[in-house]
Amino acid sequence: MPKSQKEINTNLLIAIYQNLQTAKQSINNVIDKIKDSKLKKELKSQFTNYDQFSESCEDLAHALDIDLVDNNFLKKAKMWLSVNMSTMMDKSNRKIASINIIGSTMGVIDLMSVLSDCKKGKKELIAFGKRVLELEESNIEKLKPYILVENNKKNSEIAQKAIENGALED
C-alpha cells in the first residue's frame, strides 16, 4: 500500500533528526577525551552546526505538525559503550577522528538511503536533508587531516629513532 504524503514527510524528517541527534551524541561521547585544542575546537564547531540543524528540524516538524522521535535508549547506550571501549586504550587524534568519520559516513549512507526512499517527500524537506548530507560530507573532509597528521608524526618519530640508533645514515 502506498504511503501517504504525511507518512513520507514524517519518515524523512524523523530520519534526518535522528541522524543529527546521533552526531551530537557521538561528539559529546568523545569531547572530554580530546587533549588537542584544534581537534576539540573542530568537533565543537561541528556540534554547533548539528545543533543548529536540529533546531531547524524541530521548527520544520512543528510547522508540518510532525512529532519527532529521538533515538531510543538502547541505541544511545550502545553508541556510548562503543565509543568508550574504542577510546579506552587509544585517545589519539587519529582514533577520535576515525570514530567520528565512521559515524558521519554511516550518517551519509543513512541519509542517502532515506532521501532515495522519500523522493516524493516535500521539496523543502528533501532540500533540508541534502544540506544535512553536505554537512556530514564536509565534516568527514575536515577530520581527515587528523588521521594523516598523526600518521606523519608517528613516521617522523620512527625515522628519528632510527637515525639516533644509527640505522639510517645521511
Side-chain angles (χ1 to χ4, degrees), residues 1-34 38-88 93-147:
M1 183 165 123
K3 292 182 180 180
S4 70
Q5 189 66 44
K6 174 85 172 176
E7 282 181 293
I8 292 169
N9 291 338
T10 299
N11 291 343
L12 178 57
L13 204 53
I14 288 173
I16 294 168
Y17 184 72
Q18 288 180 345
N19 175 285
L20 293 164
Q21 296 307 105
T22 299
K24 287 170 46 178
Q25 182 191 349
S26 178
I27 292 170
N28 276 334
N29 288 344
V30 298
I31 202 78
D32 65 333
K33 299 171 185 348
I34 302 170
K38 287 181 184 177
L39 179 56
K40 188 174 267 196
K41 182 178 178 183
E42 175 58 40
L43 286 177
K44 283 181 177 182
S45 173
Q46 289 184 15
F47 183 92
T48 298
N49 290 331
Y50 287 126
D51 199 42
Q52 289 169 347
F53 272 92
S54 289
E55 289 176 15
S56 296
C57 194
E58 291 166 2
D59 292 342
L60 283 168
H62 181 73
L64 296 170
D65 196 30
I66 294 173
D67 293 324
L68 293 176
V69 179
D70 198 352
N71 296 309
N72 67 40
F73 173 77
L74 197 55
K75 183 174 181 177
K76 290 178 181 181
K78 183 180 173 186
M79 186 188 330
W80 180 87
L81 184 61
S82 174
V83 167
N84 281 294
M85 293 299 288
S86 295
T87 57
M88 188 178 294
N93 287 352
R94 171 180 282 164
K95 184 61 152 185
I96 290 171
S98 294
I99 289 168
N100 283 280
I101 288 172
I102 290 167
S104 287
T105 300
M106 290 170 50
V108 165
I109 292 166
D110 290 345
L111 284 169
M112 288 174 67
S113 297
V114 78
L115 287 168
S116 177
D117 293 345
C118 297
K119 288 179 184 171
K120 293 184 180 179
K122 190 169 177 63
K123 288 186 185 348
E124 178 183 12
L125 298 182
I126 291 171
F128 182 71
K130 287 179 179 178
R131 287 198 320 271
V132 174
L133 181 62
E134 289 169 4
L135 174 66
E136 290 281 31
E137 291 170 336
S138 171
N139 288 342
I140 290 168
E141 292 304 313
K142 290 175 184 172
L143 291 173
K144 283 180 181 179
Y146 291 96
I147 293 172

Checklist line | Side-chain donor/acceptor of Ser113 to backbone N/O of Ile109, under 3.5 Å | finding: yes

Notebook entry, point to check: Nearest heavy-atom pair of Phe128 and Phe53: which atoms, and what distance?
Noted result: CZ-O, 3.3 Å

Notebook entry, point to check: Hey, is the main chain of Lys3 close enough, under 3.5 Å, to the side chain of Lys120 for a donor-acceptor pair?
Noted result: no

Next item on the list: State the CD1-CG distance between Ile31 and Leu39, to the nearest 0.5 angstrom.
Entry: 7.5 Å

Next item on the list: Work out which heavy atom in Lys142 is nearest to a heavy atom in Pro145; give both atom names and the distance.
Entry: O-CD, 3.5 Å

Checklist line | Separation of Leu60 CG from Leu125 CG (nearest 0.5 Å) | finding: 6.0 Å

Checklist line | Whether Tyr146 side chain and Ile96 backbone form a donor-acceptor pair below 3.5 Å | finding: no

Notebook entry, point to check: Got Asp117 and Asn11 here, is their nearest side-chain heavy-atom distance under 4.5 Å?
Noted result: no

Side-chain donor/acceptor pairs under 3.5 Å, residues 41-48, sequence neighbours excluded:
from, atom 1, to, atom 2, distance (Å)
Glu42, OE2, Gln46, NE2, 2.9
Thr48, OG1, Lys44, O, 3.0

Check: Where do Gly121 and Ile126 come nearest, in terms of heavy atoms and distance?
Finding: O-CD1, 3.4 Å

Margin query: Which heavy atom of Ile147 sits nearest to which heavy atom of Ser98, and what is that distance?
Written below: CD1-OG, 3.6 Å

Next item on the list: Could you grab the distance from atom CG of Leu115 to atom CG of Leu133, nearest 0.5 Å is fine?
Entry: 6.5 Å

Next item on the list: Say whether, by atom type as modelled, one donor and one acceptor occur between the side chain of Ser54 and the main chain of Tyr50 under 3.5 angstrom.
Entry: yes

Checklist line | Nearest-0.5 Å distance, CG of residue Leu68 to CD of residue Gln18 | finding: 9.0 Å

Item checked: Glu134/Arg131 ion pair, N-O < 4.0 Å -> no

Checklist line | Side-chain heavy-atom pair Met106, Thr22 within 4.5 angstrom cut-off | finding: no

Next item on the list: Any chance you could measure Lys119, atom NZ, to Leu12, atom CG, to the nearest 0.5 Å?
Entry: 13.0 Å

Notebook entry, point to check: More than 12 non-hydrogen atoms from neighbouring residues, nucleotides or ligands closer than 6.0 Å to NZ on Lys6, yes or no?
Noted result: yes

Check: Do Asn100 and Asn139 have side-chain heavy atoms sitting under 4.5 Å apart?
Finding: no

Note to self: I need the Gln25 CD to Ile27 CD1 distance, nearest 0.5 Å.
What the structure shows: 11.0 Å

Notebook entry, point to check: Does CG in Asp59 sit with more than 12 non-hydrogen atoms of other residues, nucleotides or ligands closer than 6.0 Å?
Noted result: yes

Checklist line | Donor-acceptor under 3.5 Å (Asn9 side chain, Lys122 main chain) | finding: yes

Notebook entry, point to check: Which pair of heavy atoms, one from Ile16 and one from Gly129, lies closest together, and at what distance?
Noted result: CD1-CA, 3.5 Å

